[in-house]
Amino acid sequence: MTKSKITQEENKLDSFFNQVYAVVRLIPKGRVTSYGAIAKYLGTAKSSRMVGWAMNGAHNVKPKVPAHRVVNRVGLLTGKHHFGDPKAMQLLLEKEGIKVKGDQIVKFKELFWDPMIELAM
DNA sequence: CGATTGACGTACG
DNA sequence: TCGTACGCCAATC
């Protein structure tokens with residue numbers, strides 16, 4: 001196989017994307033986090049966009065990544081359109097006990113799950 | 001192969 | 001305090 005394939009398959013273990021998936025899977029039920037928090041935890045605070053790109057392939061990864069627990073720093077469901085149905089993301093969050101109002105997570109600051117604090121040390 | 005976009009965030013004015 | 005600009009890295013056009 002040529003390295004041209006690496007762009008799609010990657011090493012599956014060292015790729016930045018997989019690190020994002022790992023952290024997202026660690027998010028407890030009923031809690032949420034932000035792209036920037038994950039990016040910063042991985043040491044790429046300025047590459048928060050890449051976290052979003054990683055989630056873009058989250059649906060193609062197994063086990064499936066709870067991307068619905070990941071929102072932007074404002075607690076806004078920016079990626080709800082990527083779940084197939086825009087209401088799917090909000091529905092999943094509400095199912096876990098998270099209340100969403102106008103595509104925005106209620107008490108986001110309280111429900112915020114920071115990997116740097118929870119996983120650090 | 002070069003330019004643009006993209007599930008964000010920080011810096012600067 | 002609010003608005004605009006830039007960076008980051010990869011994928012897509």
Side-chain angles (χ1 to χ4, degrees):
Chain A
M1 58 175 72
T2 59
K3 48 189 167 187
S4 305
K5 278 289 189 60
I6 295 179
T7 45
Q8 295 182 45
E9 296 294 324
E10 285 287 347
N11 291 317
K12 285 279 185 73
L13 294 174
D14 297 73
S15 58
F16 172 78
F17 289 57
N18 191 7
Q19 296 184 69
V20 177
Y21 302 144
V23 176
V24 175
R25 288 194 208 112
L26 292 173
I27 301 173
K29 178 182 162 193
R31 299 294 288 277
V32 289
T33 190
S34 64
Y35 305 96
I38 298 171
K40 185 173 284 190
Y41 174 73
L42 297 176
T44 55
K46 292 177 180 146
S47 303
S48 48
R49 276 180 164 163
M50 300 301 88
V51 179
W53 266 118
M55 309 257 76
N56 198 340
H59 293 284
N60 196 17
V61 179
K62 296 175 293 268
K64 199 172 175 184
V65 180
H68 59 275
R69 293 178 188 160
V70 185
V71 293
N72 65 349
R73 76 165 189 90
V74 204
L76 196 68
L77 282 60
T78 50
K80 66 176 185 177
H81 282 281
H82 291 262
F83 280 80
D85 288 330
K87 59 181 184 292
M89 186 174 185
Q90 181 174 341
L91 196 65
L92 288 167
L93 290 171
E94 291 181 340
K95 185 181 289 184
E96 294 186 355
I98 301 174
K99 295 180 177 67
V100 180
K101 182 75 172 188
D103 298 339
Q104 187 176 357
I105 296 177
V106 182
K107 300 178 187 170
F108 170 70
K109 190 176 181 181
E110 297 179 26
L111 297 172
F112 186 72
W113 183 83
D114 192 341
M116 293 189 68
I117 296 179
E118 304 294 338
L119 302 178
M121 296 181 279

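Since the structure is predicted, the reported quantities are computational estimates derived from the model, not experimental observations. Letters A, B, ... mirror the listed sequences (proteins, then strands); counts begin at 1.
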- Hey, does the side chain of A/R69 reach the backbone of A/I27 with a donor-acceptor pair shorter than 3.5 angstrom? yes
- Item | Check: A/K87 main-chain N/O paired with A/D85 side-chain donor or acceptor under 3.5 Å | no
- Task: For the residue pair A/F108 and A/I98, establish whether any side-chain heavy-atom pair is separated by less than 4.5 Å.
- Result: no
- Query: Can you name the residues that form a side chain to side chain donor-acceptor pair (under 3.5 Å) with A/D103, not counting sequence neighbours?
  - Reply: A/K80
- Message: Regarding A/T44, tell me which of base, sugar-phosphate or nothing describes its non-hydrogen contacts under 4.0 Å with the strands shown.
- Response: nothing
- A/S48 near the nucleic acid: base, sugar-phosphate alone, or nothing, with a heavy-atom cut-off under 4.0 Å? base
- Item | Nearest-angstrom distance, P atom, B/dA7 to C/dG3 | 22 Å
- Message: For A/R31, I'd like to know if atom CZ has over 12 heavy atoms of other residues, nucleotides or ligands within 6.0 Å.
- Response: yes
Report, one pair per line, the protein and nucleotides 4-7 of chain B atoms (nitrogen or oxygen only) whose separation is under 3.5 Å.
| residue | atom | partner | partner atom | Å |
| --- | --- | --- | --- | --- |
| B/dG6 | N2 | A/W53 | NE1 | 2.4 |
| B/dG6 | N3 | A/W53 | NE1 | 2.4 |
| B/dA7 | OP1 | A/H82 | NE2 | 3.1 |
| B/dA7 | N7 | A/G52 | O | 2.7 |
| B/dA7 | N7 | A/N56 | N | 3.0 |
| B/dA7 | N6 | A/M55 | O | 2.4 |
| B/dA7 | N3 | A/G79 | O | 3.3 |

- Task: Apply the side chain to side chain contact (heavy atoms under 4.5 Å, CB included) test between A/V71 and each candidate in A/L111, A/T78, A/I105, A/L76; give the one that qualifies.
- Result: A/I105
- Message: Distance check needed: C/dA10 C1' versus A/N60 CG, whole Å only.
- Response: 16 Å
- Using atom NZ of A/K40 as one end and atom C1' of B/dA11 as the other, report the distance to the nearest whole Å. 13 Å
